[in-house]
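Contents: one structure, followed by commentary.
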Amino acid sequence: MPHPLRIAIIGGGPAGLTAALILHRGGHRVCVYEGESSGQQRTQGGTLDLHEDSGQVALQRAGLLEAFRAVARHEGQEQRTGDPWTGEIVAGGFGPEGSMDKPEIDRGDLRQLLLDALPADTVQWGHGLTELVLAQAGHHSLRFANGVQAEADIVIGADGAWSKVRAALSACQPLPTGITFFEGWIAQPAADIAAMVGQGSLFCFGGEEALFVQRSSGDRFCVYAALKRSPD
């Protein structure tokens, strides 16, 4: 190559930042464009379990595997199932033998780990992509809501379900399934609730309704209430 590739990554979540770090270590000119105004604009949801044959492989290539394992919660792999009507725990443990190397980490902690490893100017905050114009031979044009325009040889879409990058490649759109999740947090859980959830996650399935609880760092709980209804 006569010059390092200019790579634009749309979306500064864990996937986009992991890709950015791997490509940066490979000598490419990488810029991440993120619509949020900063890394602290909002909470990042609950926890992620990174498996040794997928997420941990990516972190190894990014040079962060040891740093991840130092802060990840291996005890967070515990999973329990509860009766949705009584709260009684009906099953629990660490899953099938041989599946224990998938420790949990808060999404926000993982994102910060990646941000700290990248050069400070890699992420351009407050850049929500509004239009992507593809070119036949590189120099794709990007236009952002704040009026900024940029060009890149390669554009990577890590911008979620309603990806502007995907929309530039395909007319296909995501379809609603009728399943909706509501997210909430318990900052200081009562002792009986903490004992019920355990060190990892609690799942309660009640037909077309479900409740999932994840223990996060600082003994906070992320709670998801899920409903399945007709898309209509």
Side-chain angles (χ1 to χ4, degrees), residues 9-25 30-80 94-95 99-127 156-161 181-189 193-194 196-203 211-226:
I9 298 177
I10 311 302
L17 295 176
T18 302
L21 186 52
I22 292 172
L23 291 166
H24 169 71
R25 284 165 56 88
V30 184
C31 188
V32 178
Y33 296 99
E34 168 56 50
E36 294 179 5
S37 59
S38 73
Q40 290 73 47
Q41 177 178 324
R42 64 178 179 88
T43 60
Q44 297 299 308
T47 68
L48 289 173
D49 57 328
L50 299 189
H51 295 225
E52 60 180 336
D53 60 352
S54 54
Q56 291 185 45
V57 174
L59 289 183
Q60 175 77 54
R61 293 176 179 172
L64 286 179
L65 183 58
E66 294 306 314
F68 159 74
R69 296 186 72 86
V71 299
R73 299 190 308 282
H74 294 265
E75 70 279 5
Q77 298 171 86
E78 180 186 15
Q79 295 185 354
R80 296 181 176 183
F94 287 89
S99 64
M100 287 196 55
D101 194 15
K102 50 179 183 178
E104 299 277 347
I105 185 171
D106 287 19
R107 290 172 182 265
D109 292 345
L110 177 59
R111 191 189 203 191
Q112 194 60 52
L113 195 69
L114 292 159
L115 285 170
D116 291 343
L118 284 164
D121 60 350
T122 301
V123 181
Q124 299 297 305
W125 301 100
H127 283 64
I156 297 175
D159 48 342
F181 276 70
F182 299 87
E183 177 186 320
W185 287 84
I186 302 176
Q188 295 178 317
I193 296 178
M196 181 188 303
V197 175
Q199 294 300 312
S201 300
L202 171 66
F203 301 88
L211 194 69
F212 311 112
V213 188
Q214 294 180 322
R215 183 185 289 269
S216 300
S217 61
D219 287 331
R220 299 173 304 139
F221 286 176
C222 183
V223 183
Y224 296 104

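In what follows, every heavy atom counts, from backbone to side chain, and hydrogens, waters and symmetry copies are set aside.
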Discussion item. Taking the side chain as everything from C-beta on, heavy atoms only, tell me whether Val197 gets closer than 4.5 Å to Arg80.
Written reply: no
Discussion item. Ignoring hydrogens, what is the shortest heavy-atom contact between Ala58 and Ile22? Give both atom names and the distance.
Written reply: O-CD1, 3.6 Å
Fill in: OG1 on Thr122 to OH on Tyr33, rounded to 0.5 Å
11.0 Å
Item to complete: Looking only at non-hydrogen atoms, find the nearest pair between Leu113 and Ala67 and report the distance.
Response: CD1-CB, 4.1 Å
Discussion item. Taking Gly76's backbone N and O only, do any of them form a donor-acceptor pair with Gln199's side chain (distance below 3.5 Å, no angle check)?
Written reply: no
Response to the item:
Tightest non-hydrogen contact, residues Thr47 and Glu104, listed as OG1-OE1, 2.7 Å
Discussion item. Rounded at 0.5 Å granularity, tell me how far SG in Cys222 sits from CZ in Phe212.
Written reply: 11.5 Å
Item to complete: Please assess Ile156 against Ile10 for the test side chain to side chain contact (heavy atoms under 4.5 Å, CB included), listing each intermediate value before the final yes or no.
Response: CA-CA 6 Å; Ile156 297 175; Ile10 311 302; over 6 Å; no
Worksheet item: Gln124 and Val32: side chain to side chain contact (heavy atoms under 4.5 Å, CB included), yes or no, with the steps?
Response: CA-CA 6 Å; Gln124 299 297 305; Val32 178; over 6 Å; no
Discussion item. Tell me the closest heavy-atom pair linking Gly13 and Arg111, and the distance in Å.
Written reply: CA-NE, 4.4 Å
Worksheet item: With side chains defined as the heavy atoms from C-beta onward, is the minimum distance between Phe221 and Ile193 less than 4.5 Å?
Response: yes
Worksheet entry | Nearest-0.5 Å distance that lies between atom CG in Leu114 and atom OG1 in Thr18 | 4.5 Å
Discussion item. Under a 3.5 Å distance rule, please check whether Tyr224 uses its side chain to pair with a backbone N or O of Gly46 as donor and acceptor.
Written reply: yes
Item to complete: Could you tell me the separation between the CG atom of Leu110 and the CD1 atom of Ile105, rounded to the nearest 0.5 Å?
Response: 5.0 Å
Discussion item. Quick test of your reading: applying salt bridge (Lys or Arg N to Asp or Glu O under 4.0 Å), list the pairs with at least one residue in residues 57-73, sequence neighbours left out, ordered by first then second residue.
Written reply: Arg69-Asp101, Arg73-Asp106
Worksheet, complete the sentence: For Leu48 and Pro14, the nearest pair of non-hydrogen atoms, with its separation, is CD1-CG, 4.4 Å
Item to complete: Work out which heavy atom in Pro189 is nearest to a heavy atom in Asp219; give both atom names and the distance.
Response: CD-O, 3.4 Å
Practice prompt. Taking salt bridge (Lys or Arg N to Asp or Glu O under 4.0 Å) as the test, write out the residues that go with Arg107, two or more places apart.
Written response: none
Discussion item. With a 4.5 Å cut-off on side-chain heavy atoms, are Lys102 and Leu50 touching?
Written reply: no
Worksheet item: Nearest 0.5 Å, what's the CG-OG distance between Asp49 and Ser54?
Response: 8.5 Å
Fill in: Rounded distance (nearest 0.5 Å) linking atom CZ of Arg220 with atom CD1 of Ile186
12.0 Å
Practice prompt. Please assess Ser217 against Asp109 for the test side chain to side chain contact (heavy atoms under 4.5 Å, CB included), listing each intermediate value before the final yes or no.
Written response: CA-CA 9 Å; Ser217 61; Asp109 292 345; 3.7 Å; yes
Discussion item. Strictly distance-based, threshold 3.5 Å: is any side-chain N or O of His127 a donor or acceptor partner for the main-chain N or O of Trp125?
Written reply: yes
Discussion item. Please check this pair: side chain of Arg215 against backbone of Gly198, looking for a donor-acceptor N/O pair closer than 3.5 Å.
Written reply: yes
